[in-house]
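Data first, discussion second: the structure below is written as structure tokens.
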Amino acid sequence: MSKPRVIVTRRWHRAVEMALLEKFDTQLNEDDHSMSVAELQEALQNADAVLPTVCDKLSAEVLGADNIRAKILGSNGVGFNHIDLEAAKAAGLTVTNTPEVLTDCTADLAMTLLLMVARRSGEGERHVRAKDWSGWRPTHMMGTSVTGKTLGLIGMGRIARAVSARAANGFGMKIIFYDPFPPRPEDLGGLKATQCQSSDEVFAQADFVSLHCPGGKETYHLIGAEAFAAMKPGAFLINTARGDVVEESALISALKSGQIAGAGLDVYEKEPSISDELLEMENVVLLPHLGSATMETREAMGMRVVENVEAFFAGNTPRDKLV
Ligand code: DGY
């Protein structure tokens, strides 16, 4: 029997590409270019499985292409707001993602951003590299202490809980959270975390607000002018979730007016484009969507896609089936 035809939209971890080449009739994206609408449609028309990443927009337009041959979208990433799930379903596609395997890695990066922005690390590094450092002095580049402060989480899923464990156990932080679908107490694994009844309750108390809600229509611009006004003066915002959860213009205003003290961002409203104003601010730490970017995690994510696609073609329900 011939192997299913699989098209991969970007370069993946080499071990995963090798596994895909071995198991399927695989077409890789050798030059790692970002595929256009027409290329994605062509992929859907010519393969049994298309393996996108979170940077490929599988919109209703893409998924509305004529004569779609593909039966599964094995997406490489946990977030799925880049895929119009209704349109995928209407096109007869099964969609899978890669939960769990990137939880710790992304939590590590949220803590990295929190520490960097509080301790002015990006600014300090730029200062040293520019050869502007004249030596130690008591008032030089004073940041904000992290230990013992309050961390407020918006969304309390797996990644938020992993961030909380690091913050509470490593830095003695007090944990508060708001989630419209809160975890069961047993999912907190002994973590001492106080559930708030609204995001405003979190904003009013948190020294650091970390976002862990999914992207999509429900959370679009959740953090806008009103949210910033509700935050404690001098609070910091950390975003490793999705860029458009934060209204970038409102964030810039809140930073400019000093309403909040700083922000640590891994994701952006119009990613990969970032507003010049943010690029010029010293009190923001800007990373290029690196949440899951370790060798180990990217391999595990890719292998999870392989597992899902293999299960699908073996006639089983993939373990990470979304629709
Ligand atoms: C995801 O998986 O959703 C991240 O944003 C990329 O790792």
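Whatever order the structure lists them in is the order used to number ligands and atoms, beginning at 1. Quick note: residue numbers are just sequence positions, from 1.
Among all protein heavy atoms, the one lying closest to atom 4 (C) of ligand 1 is His289 NE2, 3.7 Å. In this structure, the protein non-hydrogen atom closest to atom 1 (C) of ligand 1 is Val78 N, 3.5 Å.
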**OP:** Kindly indicate, with the supporting measurements, whether the criterion salt bridge (charged side-chain N to carboxylate O under 4.0 Å, His left out) is fulfilled by Arg304 and Glu100.
**Re:** CA-CA 10 Å; Arg304 189 77 168 238; Glu100 294 145 12; 2.8 Å; yes
Subject >> Residues Arg161, Asp187; criterion salt bridge (charged side-chain N to carboxylate O under 4.0 Å, His left out); working and verdict >> reply: CA-CA 9 Å; Arg161 300 199 293 270; Asp187 291 333; 5.0 Å; no
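Residue Gly79 has at least one nitrogen or oxygen atom sitting less than 3.5 Å from a nitrogen or oxygen atom of ligand 1, judged on distance alone. Considering backbone and side-chain atoms alike, Arg298 places every N or O at 3.5 Å or more from each N or O of ligand 1.
Ser164 and Leu191 get closest at one heavy-atom pair: CB-CD2, 3.4 Å.
Listed by atom number, the atoms of ligand 1 under 4.0 Å from Met301 heavy atoms are 7 (O).
Contact annotation: for Leu102 versus ligand 1, heavy atoms closer than 4.0 Å belong to the side chain alone.
Linking Ile, Leu, Val, Met, Phe, Trp and Tyr residues whenever their side-chain heavy atoms come within less than 4.5 Å leaves Val78 and Leu73 in two separate clusters.
Only one option out of Arg126, Arg119, Arg120 pairs with Glu123 in a salt bridge (Lys or Arg N to Asp or Glu O under 4.0 Å); it is Arg120.
Nearest-heavy-atom check against atom 7 (O) of ligand 1 across Pro214, Cys105, Ser75, Ser292 picks out Ser292.
A salt bridge links Glu310 to Lys23: at least one charged side-chain nitrogen sits closer than 4.0 Å to a carboxylate oxygen.
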